[in-house]
Amino acid sequence: MSLLPLPPSLIPFLEPYLPRSNLVLPNRPFVTLTYAQSLDSRIAAKPGAQTKISHQETKTMTHYLRSEHDGIMVGIGTVLADDPKLNCRFVENGNTHSPRPIVLDPYAKWTYHKSQLSEIYNIGQGLAPYILVDESVQLNPLDVATLQQQDGKHIRLPLIKNRQQNWDYILKALVDNGIRSVMIEGGAVIINELLSYGADNYIIDSLIVTIGPVFLGNQGVEVSPTSHVDLEDVKWWTGQQDSVLCATVPKAFKLD
Ligand SMILES: NC(=O)C1=CN([C@@H]2O[C@H](COP(=O)(O)OP(=O)(O)OC[C@H]3O[C@@H](n4cnc5c(N)ncnc54)[C@H](O)[C@@H]3O)[C@@H](O)[C@H]2O)C=CC1
Ligand SMILES: Nc1nc(O)c(N)c(N[C@@H]2O[C@H](COP(=O)(O)O)[C@@H](O)[C@H]2O)n1
């Protein structure tokens, strides 16, 4: 299904938060954390369920954001729940860029060769993923062979032993593999972890949150950091149904 046109006012609204408007960081990619939540801070109606929250016009915004990043990352929980495409369907202004899908799957739970994402690659509508797995896990030979034929790969990192350091390894691996900007879409474990990462270690350069006019209820999958986070550079956009918050995390807390 084709997307609605991008509301023109979103272009100047988003501009200051895009990687292209910000300094290129030498040792890690520019990180945008972006997701859609309900009024009661839920990103899905129940665990493992894919739940539509965004209006079509903010869905277009998500694809516009995908066109502005080298990579798009989700966790294995999201992949198993949504079987996502993780490509870019924003084709306005002749855009043909699709970001590199990156899946954080430390225990190699994903059967990649049967996924929609593999099919998307096979029909020429997106790139094959980089799958981040722990150094110790055994890989499915069919997945390895499929990724070898496509242009994706498994990247082995020490992800299981000391989770505290994982984001350092993950971000370095992305830069080492040519990913200079990444948008992280979720799911809840990753969002909560990044928002809670610690006062000295915030790694989010831009935060872009779509808020839909719905309550998903207390069985829903909640996003909430472990403690207080004050945002800076806050701007709001309101569309036909949704509002979008753009912000940065306090600069004093950022890694360099
Ligand atoms: N509304 C929205 O914008 C979005 C909603 N979702 C929803 O979120 C739900 C899935 O969320 P979750 O189950 O929380 O899964 P998730 O996608 O956050 O994946 C969690 C898994 O990722 C791995 N992981 C996360 N952080 C790690 C780290 N630092 N080191 C190593 N491994 C790490 C672990 O295996 C962990 O179990 C689905 O229902 C999906 O539909 C997902 C993305 C966006
Ligand atoms: N922007 C947005 N709005 C919602 O209502 C959502 N449920 C999501 N979910 C995210 O989008 C991914 C699906 O991507 P594809 O359309 O399959 O490429 C899903 O995996 C979540 O990350 N996003």
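In listed order, ligands and their atoms are each counted from 1.
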Query raised in the report: Hey, does Thr78 come in under 3.5 Å of ligand 1, counting only N/O atoms on both sides?
Result: yes
Requested in this report: For atom 12 (P) of ligand 1, grab the closest protein heavy atom and report residue, atom and distance to one decimal in Å.
Outcome: Ala188 N, 3.8 Å
Report task. Indicate, as side chain, backbone, both or neither, the part of Gln37 found under 4.0 angstrom from ligand 2 when only non-hydrogen atoms are considered. Result -> neither
Query - Side chain, backbone, both or neither: the part of Leu86 lying under 4.0 Å from ligand 2 by heavy atom - result: backbone
Report task. Please identify which atoms of ligand 1 are closer than 4.0 Å to at least one heavy atom of Glu185. Result -> 43 (C), 44 (C)
Report summary line: re atom 30 (N) of ligand 1, the protein heavy-atom contact at minimum distance is Asn166 ND2, 2.7 Å
Query raised in the report: atom 39 (O) of ligand 1: which protein heavy atom is closest, and how many Å away?
Result: Ala49 O, 2.8 Å
Report task. Would you please classify the geometry between the Tyr112 ring and the Trp110 ring as parallel, tilted or perpendicular, with 30° and 60° separating the classes? Result -> perpendicular
Report summary line: Looking only at protein heavy atoms, what sits closest to atom 27 (C) of ligand 1 is Arg163 NH2, 3.3 Å
Query raised in the report: Under 4.0 Å from any heavy atom of Thr78, which atoms of ligand 2 are there?
Result: 20 (O), 22 (O)
Query - Contact check: Ala44 vs ligand 1, nitrogen or oxygen atoms, below 3.5 angstrom - result: no
Query raised in the report: Non-hydrogen atoms of Leu104 versus ligand 1: any pair closer than 4.0 Å?
Result: yes
Query raised in the report: Under 3.5 Å between some N or O of ligand 1 and some N or O of Ile190?
Result: yes
Query raised in the report: Looking at atom 37 (O) of ligand 1, is any protein heavy atom nearer than 4.0 Å to it?
Result: no
Query - Residue part near ligand 2, for Thr34, under 4.0 Å between non-hydrogen atoms - result: neither
Requested in this report: Give the residue, atom name and distance (to 0.1 Å) of the protein heavy atom nearest atom 2 (C) of ligand 1.
Outcome: Ala36 O, 3.5 Å
Query - Lys114/Asp83 salt bridge by N-O under 4.0 Å criterion - result: no
Report task. May I ask you to check whether Arg89 has an N/O atom sitting below 3.5 Å from an N/O atom of ligand 2? Result -> yes
Report task. Tell me which protein heavy atom sits closest to atom 21 (C) of ligand 1, plus the residue, atom name and distance to 0.1 Å. Result -> Ile76 CG2, 3.7 Å
Query raised in the report: For ligand 1, which part of Trp167 has a heavy atom less than 4.0 Å away: the side chain, the backbone, both, or neither?
Result: side chain
Query - Backbone or side-chain N or O of Lys46 under 3.5 Å from ligand 1 N or O - result: no
Report task. May I ask you to check whether Asp82 has an N/O atom sitting below 3.5 Å from an N/O atom of ligand 1? Result -> yes
Query raised in the report: Please walk me through it: do Asn95 and Ser67 pass side-chain hydrogen bond (donor to acceptor under 3.5 Å, both in side chains)?
Result: CA-CA 7 Å; Asn95 176 62; Ser67 78; 4.5 Å; no
Query raised in the report: Would one find an N or O of Leu159, backbone or side chain, under 3.5 Å from an N or O of ligand 1?
Result: no
Report task. Under 4.0 Å, heavy atoms only, figure out whether ligand 1 is touched by the backbone of Lys109, its side chain, both or neither. Result -> neither
Query - Donor + acceptor pair across side chains of Glu15, Ser21 (<3.5 Å) - result: yes
Query - Within reach of ligand 2, part of Ala36 (heavy-atom separation under 4.0 Å) - result: side chain
Requested in this report: Heavy-atom contacts with Tyr35 under 4.0 Å: which atoms of ligand 1 show up? List them by number with element.
Outcome: 3 (O)
Query raised in the report: So is Thr210 in contact with ligand 2, going by heavy-atom distances below 4.0 Å?
Result: no
Query raised in the report: Looking only at N/O atoms, are Val189 and ligand 1 under 3.5 Å apart anywhere?
Result: yes
Query raised in the report: So which of Glu185, Arg66, Lys85, Gln50 gets nearest to atom 14 (O) of ligand 2, if we judge by its closest heavy atom?
Result: Arg66
Report summary line: Going by the 4.0 angstrom heavy-atom rule, the piece of Ile53 near ligand 2 is both
Query raised in the report: Which protein non-hydrogen atom lies closest to atom 5 (C) of ligand 1, naming both residue and atom, and how far is it?
Result: Ile43 O, 3.5 Å
Query raised in the report: Which residue and non-hydrogen atom of the protein lie closest to atom 15 (O) of ligand 1, and at what distance in Å?
Result: Gly77 CA, 3.3 Å
